[in-house]
Amino acid sequence: MSVWQGTTYLQTLTPAFTSILKASEKAFDMSIPPGKLSPVSAVTKKLVADHNDMTQLMDQLIRCLEEICQHQASQSLSEARAVAEELVQRMNVHAACEDQVIFPALSKYHPIPMLEIEHEEVLLQRAAVVTGILNYTFPEDCNEKLLTQANAFVDLVKRHFAKEEKAVFPLLEKSLTPSEKHQVMARMEDILAKSRVMPIESSEPSSRRYLQFHFPIEQPVTHQLHTESLLETPNVQLKVWELQAGTALATHWTPMKAVILLYAGKAQWMGPDATVELSAGDGIYMDAKLAHSLKAQTDCRFLLMLQKE
C-alpha cells in the first residue's frame with residue numbers, strides 16, 4: 001500500500017473537531033506547567049530535530065503551491081507531490097513514535113489527551129491537502145483554494161509543534177527517569193528502523209459513535225416485576241428495573257461486571273457476606289459472577305449496567 005492510501009477517506013475537515021481544539025488551547029496551556037525547552041536527553045533532541053525537518057518540508061510545500069497558483073508551473077506540481085510524499089512518511093514515523101511510545105510513557109505522570117486529539121485533526125487536514133495535490137490538474141485547479149487549505153494545515157501543525165516543545169518535551173525531561181528515557185529512545189529507534197524496511201502507514205482515527213436513550217426517571221412503578229432494555233452494545237448493557245414493595249429477586253449472578261443504581265424507593269441488597277440498605281441515589285458495584293439477591297422494601301426502580309470483562 002502506498003503512503004497515500006488510507007488517507008483519502010478523510011476528505012473534509014470537521015468543524016466541531018476544530019472548534020474543540022481551538023477552545024481547548026487555553027486549557028491545555030494551563031494544564032501543563034510551561035517550561036523553557038532545554039534538550040537534555042537524546043529523546044527530546046530527536047523529537048525537536050524531527051520537527052525542524054518537517055517544518056522545512058512544509059515550507060517547501062507551500063512555496064511549490066505558491067508557484068503553481070501564480071505561474072501554473074507544472075514542474076512545481078511534480079515537486080509538490082514528491083515533497084508531500086516525503087512529508088507524509090516523516091509525519092507517520094514521528095506520529096508512531098509519539099502515539100506508541102512518548103504519550104504512553106508520559107501518561108503515567110500526566111494525561112495529555114489534547115495532543116492525541118490534535119494528531120487526529122492533523123490527519124484530517126493533511127489528507128485533504130494531499131488528495132488535492134494528487135488530483136490537481138491544469139488549468140482548472142489554478143486557484144488559491146488548495147494553497148489556503150495547505151496554509152491552514154501548516155499553521156495547525158506548527159502550533160502543535162510549539163505546544164509540544166513548550167510543555168510536553170520539558171515535561172518528558174522532568175518526569176521520565178534516565179532508564180525510561182533510554183527505553184523510549186530504543187523503541188523510537190526500532191520504529192525508525194522498521195520504517196526503512198516498510199513505510200509506516202497513516203493511523204486511522206478509531207470510529208466513535210453515540211447512542212441516545214430515554215431514562216424514565218419520573219414514571220410510576222406499575223408492575224410487580226418489570227425490566228426494560230435502554231441500551232445494548234457489544235460490551236455494555238443498560239436496563240431499567242422496577243419492583244413493587246415486597247418483591248424479591250432470588251439469589252443469582254451475572255457473567256458480566258454490574259452496577260446497580262437505585263433512583264427511586266428503598267431496597268435491600270444481599271451479598272455473600274453483607275446486607276446493604278439502599279435508598280434513592282445509592283449504588284452497588286459487583287464483580288462478574290458475584291452471587292447476590294435483592295428485595296424491594298418500597299416500590300422502587302433502579303438502573304442495571306452490565307459490562308463485559
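Here the NZ atom belonging to K194 is positioned 8.5 Å from the CD1 atom belonging to I200, to the nearest 0.5 angstrom. Atoms CG and SG, on L47 and C97 in that order, are 7.5 Å from each other to the nearest 0.5 Å. The line from CG of L230 to NE2 of H214 is 9.0 Å long, rounded to the nearest 0.5 Å. Taking OG from S195 and NE2 from H94, the interatomic distance works out to 13.0 Å, rounded to the nearest 0.5 Å. Between atom CH2 of residue W253 and atom OG of residue S293 there is a gap of 16.0 Å, rounded to the nearest 0.5 Å. Taken from NZ in K174 to NE2 in H110, the straight-line distance is 11.5 Å, to the nearest 0.5 Å.
Looking at heavy atoms from C-beta onward, H119 lies in side-chain contact with H160 at the 4.5 angstrom threshold. The side-chain heavy atoms of Q75 and E67, taken from C-beta on, include no pair separated by under 4.5 Å. Between Q100 and I191 the shortest side-chain heavy-atom distance falls below 4.5 Å. Residues L87 and M54 form a side-chain contact, since some pair of their non-hydrogen atoms from C-beta on lies under 4.5 Å apart. With a 4.5 Å cut-off on side-chain heavy atoms, F161 and M58 count as touching. In this structure, the side chains of V240 and R301 come closer than 4.5 Å at one or more pairs of heavy atoms. Using a 4.5 Å heavy-atom threshold, the side chains of L106 and I102 count as touching.
More than 12 heavy-atom neighbours from other residues, nucleotides or ligands sit within 6.0 angstrom of NZ on K158.
Between A80 and C64, the shortest heavy-atom distance links the atoms CB-CB, 3.8 Å. Across every non-hydrogen atom of L147 and C69, the tightest pair is CB-SG, 4.0 Å. Residue P272 comes nearest to A291 through the heavy atom pair CD-O, 3.4 Å, listed as atom of the first residue, atom of the second, then distance. L146 and Y136 get closest at one heavy-atom pair: CD2-CD1, 3.5 Å. In plain terms, the two heavy atoms of V184 and A105 that are nearest each other are CG2-CB, 4.0 Å. Pairing each heavy atom of G265 with each of C300, the nearest pair is CA-CB, 3.9 Å.
Without hydrogens or angle criteria, D190 side chain to A186 main chain gives no donor-acceptor distance under 3.5 Å. Using a distance-only test at 3.5 Å, with no hydrogens or angles considered, a donor-acceptor pair links the side chain of D299 to the main chain of A245. No donor-acceptor pair under 3.5 Å is formed between the side chain of D155 and the backbone N or O of N151. When atom types are taken as modelled, the side chain of R187 and the backbone of H182 share no donor-acceptor pair closer than 3.5 angstrom. Under the 3.5 Å distance criterion, the side-chain polar atoms of R81 are matched with a main-chain donor or acceptor of I133. Looking at R126, its side chain never comes within 3.5 Å of a backbone N or O of E121 through a donor-acceptor pair. Listed for the S175 side chain is no donor-acceptor partner under 3.5 Å among the backbone atoms of L172.
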Evaluate the criterion side chain to side chain contact (heavy atoms under 4.5 Å, CB included) for residue pair R63 and D59; output intermediate values, then yes/no. CA-CA 6 Å; R63 288 194 295 271; D59 291 342; 3.9 Å; yes

H292 vs M270, test: side chain to side chain contact (heavy atoms under 4.5 Å, CB included). Steps then yes/no. CA-CA 6 Å; H292 65 281; M270 287 77 73; over 6 Å; no

Mind running side chain to side chain contact (heavy atoms under 4.5 Å, CB included) on K239 and M305 for me, showing each step along the way? CA-CA 6 Å; K239 301 179 179 181; M305 184 178 75; over 6 Å; no

Residues E118, K163; criterion salt bridge (charged side-chain N to carboxylate O under 4.0 Å, His left out); working and verdict: CA-CA 11 Å; E118 281 196 11; K163 290 178 187 179; 2.4 Å; yes

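Its side chain within the 4.5 Å cluster rule, L249 clusters with L225, W241, L243, M256, I260, L262, W269, V276, L278, I284, M286, L290, L294, F302, L304, L306 among the Ile, Leu, Val, Met, Phe, Trp and Tyr residues.
A salt bridge links D53 and R90; the closest N-O separation between the charged side-chain nitrogens and carboxylate oxygens is under 4.0 Å. With respect to the salt-bridge test (charged N to carboxylate O, under 4.0 angstrom), the residues K266 and D282 do not qualify. Ionic pairing of E180 and K108 is present here: one or more N-O contacts between side-chain nitrogen and carboxylate oxygen are shorter than 4.0 angstrom.
Taking the six-membered ring wherever Trp is involved, the centroid distance between the rings of F169 and H51 falls below 6.0 Å.
Tracing side-chain contacts under 4.5 Å through hydrophobic residues (I, L, V, M, F, W, Y), one reaches F213 starting from V236; they form part of the same cluster. Connection of L211 to V259 is established within a shared hydrophobic cluster, with ILVMFWY side chains joined at heavy-atom distances below 4.5 Å, either directly or through further cluster members. Linking ILVMFWY residues whenever their side-chain heavy atoms come closer than 4.5 Å, directly or via other members, leaves V221 and Y263 in distinct clusters. A continuous path of hydrophobic side-chain contacts links F103 to M185 [ILVMFWY only; heavy atoms under 4.5 Å]. At a threshold of 4.5 Å between side-chain heavy atoms, the hydrophobic network of Ile, Leu, Val, Met, Phe, Trp and Tyr places V48 and V101 in one connected group.
Checked by atom type, the side-chain pair Q224/Q244 shows no donor-acceptor distance below 3.5 Å. No hydrogens or angles considered: nothing links the side chains of E242 and H226 as a donor-acceptor pair under 3.5 Å. Using modelled atom types and a 3.5 Å distance limit, the side chains of Q60 and E79 yield a donor-acceptor pair. A side-chain N or O of Q297 and one of E277 form a donor-acceptor pair less than 3.5 Å apart. Counted by atom type alone, S41 and E173 present one or more donor-acceptor pairs between their side chains at under 3.5 Å.
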